[in-house]
Protein chains: 2
Amino acid sequence: MLEAKLAEASVLKKLLDAIKELVTDANFECSEEGITLQAMDNSHVALVAVKLVQNGFKKYRCDRPMPLGVNVGSLTKVLKCAKDDDVCTLRAADEADVLNLVYEAKNSDRISSYDLKLMDIDAETLGIPKTSYEARIVLSSAEFTRIVRDLSLLGDSVRIEVSKEGVRFASDGEAANGNVLLKGQGPIGKVERGPQGDDSDEEDGDAVKKEKKDDGEEGDEEEEEVDKEEEGEKEKDKKKKDKAKVKKEKVNDGDVEMDEEEYQPDEDGEEEKDEDEDEDEDEDGESKKRKKKSNSSPRSAKKAKTASSSKSKKGKSKANDGEEDEDEAVIIQMNSHVSLTFSLKYLVNFSKSSNLVKRVELYMSNDVPLLVSYDFGQGYIRYYLAPKIGDD
Amino acid sequence: MLEAKLAEASVLKKLLDAIKELVTDANFECSEEGITLQAMDNSHVALVAVKLVQNGFKKYRCDRPMPLGVNVGSLTKVLKCAKDDDVCTLRAADEADVLNLVYEAKNSDRISSYDLKLMDIDAETLGIPKTSYEARIVLSSAEFTRIVRDLSLLGDSVRIEVSKEGVRFASDGEAANGNVLLKGQGPIGKVERGPQGDDSDEEDGDAVKKEKKDDGEEGDEEEEEVDKEEEGEKEKDKKKKDKAKVKKEKVNDGDVEMDEEEYQPDEDGEEEKDEDEDEDEDEDGESKKRKKKSNSSPRSAKKAKTASSSKSKKGKSKANDGEEDEDEAVIIQMNSHVSLTFSLKYLVNFSKSSNLVKRVELYMSNDVPLLVSYDFGQGYIRYYLAPKIGDD
DNA sequence: CGAGACACCA
DNA sequence: TGGTGTCTCG
């Protein structure tokens with residue numbers, strides 16, 4: 001028995017709008033912690049992971065874990081029948097073959113009820129790729145949308161390069177080449193943490209296939225071999241980082257809002273700096289400067305809040321003028337130089353989630369899938385996209 | 001000789017936008033009472049009737065009845081050349097082969113003149129179906145649009161069911177079933193009147209063909225036989241109702257603004273309650289309560305106003321807070337349980353008229369065409385749609 | 001201003 | 001039935 005009441009149907013509507021062109025069928029996994037969905041896109045290049053946490057619901061009850069296999073297109077249609085501000089209740093009996101959605105108008109003189117046929121979907125065990133990264137970018141989701149849309153006019157791929165200079169998005173096309181450089185707010189610091197969530201333990205990052213790079217002419221120096229040997233490197237690397245992460249989170253337990261400030265980068269900053277890149281010689285210098293930046297990071301306070309964070313954040317930014325550019329600031333954290341090439345088609349698709357929340361986070365390491373994370377108060381939607389191989 | 005001056009071209013524009021996809025050619029019948037248009041849609045399933053009453057014009061003169069056969073698409077194009085707030089004058093000489101449209105900008109520094117070629121169109125004598133109904137629903141035209149558009153995502157047909165519970169729109173589709181229940185404002189009363197207009201005398205309700213029901217799996221218990229025998233019932237029924245209606249209209253003649261209040265439901269309320277349904281046992285009680293509802297009915301005052309009613313109404317609802325939900329309230333009147341199935345495609349099409357006026361009225365009786373009526377101050381646009389047969 | 005939806009056309 | 005153009009919505 002599942003009964004989940006959302007205060008506003010709009011969240012669900014936006015989520016499904018965001019994934020409907022990526023995924024045709026998917027299981028909504030309901031458990032007492034909330035509802036999650038994980039699915040590969042149809043070409044198995046991208047992976048999408050959605051979570052709606054239990055306490056983001058007005059009311060939530062799920063007696064025992066149950067997968068609800070839905071056709072995403074059908075669910076999207078049914079959700080189109082909800083007004084954005086309708087109260088939306090999802091119900092499914094155990095072993096039910098339909099998911100019942102009830103929409104109640106705010107003034108409650110209209111009650112709509114929809115029964116969506118459920119289907120059995122093979123629960124493909126999807127490995128979520130590694131959870132620690134060499135680079136983390138936080139920027140306005142609207143700006144991210146704009147960048148990938150702009151570049152998609154020129155070419156099919158974008159090379160995302162994180163360096164001390166900032167983060168550069170570059171695309172080469174038939175008619176024109178273009179690139180966008182984001183400078184970042186303050187000095188570049190170390191990557192302070194991976195995405196927050198409960199899927200940190202799943203470790204087989206191979207669910208997202210490597211995509212054959214089909215355009216762009218630069219840097220094919222390593223190819224597959226590096227891919228293999230990096231895999232080994234990453235494995236060790238990840239263990240190290242997980243250890244570091246544990247320490248970090250313990251420190252943060254005392255004061256969640258201080259997580260960025262209290263984090264000690266010196267240890268794992270040195271540890272994590274390992275492979276291919278050799279431009280990190282002066283990173284210690286940057287680490288020192290970074291402390292100043294961290295103190296002014298708007299993200300630190302926002303990120304730790306749960307549930308209604310997006311609302312409260314908005315109110316805050318209205319209230320005090322000093323932070324109204326909070327949505328615009330670009331935060332760049334980097335342990336080592338990262339350069340990856342991705343299909344713009346997917347990134348454009350991912351960026352549809354920008355209507356969910358003002359900020360988006362990008363996590364990258366060389367030769368592993370990019371993570372694009374939209375964390376809204378009541379949960380998150382995350383996309384993983386394998387890089388095109390052969391990028392420099 | 002016809003000369004008809006409209007204060008705002010927008011009315012005509014909207015009217016033609018509303019019918020242009022339903023009708024390709026039609027006669028505008030001009031007489032001293034105004035201009036009417038009646039046409040079957042191209043597949044002869046739906047009938048559309050438009051009236052522009054004489055006193056809704058800024059100036060109106062029509063010496064003798066004349067039909068103006070126009071290609072609706074062409075007229076639409078010509079009307080697109082008018083700005084919404086242009087003063088629009090229609091002119092046609094007797095026996096003319098063109099209709100002249102003149103648009104004068106409000107500041108009158110621009111005068112446009114268009115001559116639309118006329119054509120001879122067989123005046124198919126169109127029977128308007130019966131004018132008294134077992135159920136009457138008045139609701140926000142935007143909400144009606146929304147409901148039929150939502151349900152059209154799921155299936156091809158909608159079952160509209162009026163009961164004491166309210167009015168339910170239900171559609172079954174491949175992927176999902178859905179229904180919308182509107183509760184109605186206040187207790188459910190008797191049907192207090194049919195649509196107001198001058199077409200009450202035309203009685204052959206068969207102009208709108210019965211449409212073969214092609215989907216929906218429930219309730220085929222009766223089929224054709226009932227259809228036949230109901231036809232006889234309706235014939236008697238209609239006579240009774242027409243009598244009642246005459247009486248009613250006489251009452252209303254004295255004070256058109258009071259038509260709902262002054263109407264005495266006891267007589268024809270009893271008379272009209274006749275056939276199939278047996279859930280009217282407590283309707284007398286409801287009739288008494290209904291008076292209270294009627295007094296607060298926003299529709300009564302609004303309906304009778306002419307010309308600029310929609311504008312003034314809007315201003316009013318802004319001005320005094322008590323009536324701002326005037327546009328949202330659902331009024332349900334029912335003599336007996338009604339359940340009919342219609343093609344959503346047509347209803348969606350009809351609902352395009354919602355930009356003409358905030359409220360729409362639905363009139364229904366079992367096994368006869370649905371009437372969807374948009375009454376704006378200067379006239380009306382009404383649609384008749386045959387039910388799919390075999391519905392329960 | 002972009003994108004989805006809808007109608008028209010081929 | 002699919003593609004294209006327009007329109008309205010976000």
Side-chain angles (χ1 to χ4, degrees), chain A residues 8-24 72-86 140-154 171 178 180 310 314 327-328 344-358 360 374 376 381, chain B residues 10 13-25 41-43 45-46 48 71-84 140-156 173 175 343-356:
Chain A
E8 305 232 328
S10 61
V11 176
L12 213 47
K13 285 165 67 101
K14 288 173 185 167
L15 277 176
L16 271 109
D17 274 345
I19 67 172
K20 70 167 189 283
E21 285 168 28
L22 224 42
V23 179
T24 53
V72 173
S74 301
L75 178 54
T76 303
K77 281 183 184 173
V78 169
L79 283 170
K80 276 198 198 303
C81 302
K83 291 188 72 176
D84 274 359
D85 60 351
D86 281 351
S140 152
S141 53
E143 182 155 34
F144 180 62
T145 301
R146 175 76 201 218
I147 290 169
V148 295
R149 266 215 358 256
D150 285 354
L151 294 180
S152 72
L153 296 177
L154 305 182
S171 180
V180 178
S310 74
K314 210 176 295 178
D327 294 332
E328 294 305 324
L344 275 165
K345 188 183 84 181
Y346 287 96
L347 296 184
V348 168
N349 214 320
F350 298 169
S351 70
K352 290 195 178 133
S353 302
S354 60
N355 56 359
L356 275 161
V357 57
K358 285 279 181 53
V360 61
Y374 295 86
F376 48 97
I381 180 165
Chain B
S10 62
K13 286 164 67 101
K14 288 174 186 166
L15 276 176
L16 271 111
D17 274 345
I19 66 172
K20 70 169 192 280
E21 283 159 34
L22 225 40
V23 179
T24 54
D25 302 301
D41 85 298
N42 297 325
S43 54
V45 172
V48 56
N71 175 280
V72 173
S74 303
L75 179 53
T76 304
K77 283 182 187 170
V78 169
L79 283 169
K80 277 198 195 306
C81 303
K83 291 189 69 181
D84 276 359
S140 152
S141 53
E143 183 155 34
F144 180 63
T145 301
R146 171 82 199 209
I147 290 169
V148 295
R149 282 191 69 238
D150 283 353
L151 293 180
S152 72
L153 294 176
L154 305 182
D156 294 331
S343 160
L344 276 166
K345 188 183 84 180
Y346 287 97
L347 296 184
V348 169
N349 217 320
F350 298 168
S351 70
K352 295 206 173 118
S353 300
S354 60
N355 57 0
L356 276 161

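The chains referred to below are lettered A, B, ... by the order of the sequence lines, with proteins before strands, and numbering in each begins at 1. Quick caveat: nothing in here was measured; it's all calculated off a predicted structure.
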Round to a whole Å and report the spacing from [atom1] of [X] to [atom2] of [N].
X        : N      : atom1 : atom2 : value
B:Glu21  : C:dA7  : CD    : P     : 5 Å
A:Asn355 : C:dG2  : CG    : P     : 17 Å
B:Leu153 : C:dG4  : CG    : P     : 16 Å
B:Lys14  : D:dC7  : NZ    : P     : 17 Å
B:Ile19  : C:dA7  : CD1   : P     : 16 Å
A:Leu79  : C:dG4  : CG    : P     : 17 Å
A:Arg146 : D:dG10 : CZ    : P     : 21 Å
B:Asp150 : C:dA5  : CG    : P     : 13 Å

Which pair of non-hydrogen atoms, one from [X] and one from [Y], has the smallest distance, and what is that distance?
X        : Y        : answer
B:Leu153 : A:Cys81  : CD1-SG, 4.5 Å
A:Ile381 : A:Phe376 : N-CE2, 3.9 Å
A:Val72  : A:Val23  : CB-O, 3.5 Å

What nucleotide, of C:dA5, C:dA7, C:dG4, holds the atom closest to the side chain of B:Arg149?
C:dA5

Regarding A:Lys352 and A:Asp17, does a basic nitrogen lie under 4.0 Å from an acidic carboxylate oxygen?
no

So, OP1 or OP2 of C:dA5: does either fall under 4.0 Å of a side-chain N or O from A:Lys80?
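Yes, A:Lys80 has a side-chain N/O under 4.0 Å of OP1/OP2 on C:dA5.
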
With heavy atoms under 4.0 Å as the rule, sort B:Lys352 into base, sugar-phosphate or nothing.
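Sugar-phosphate only.
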
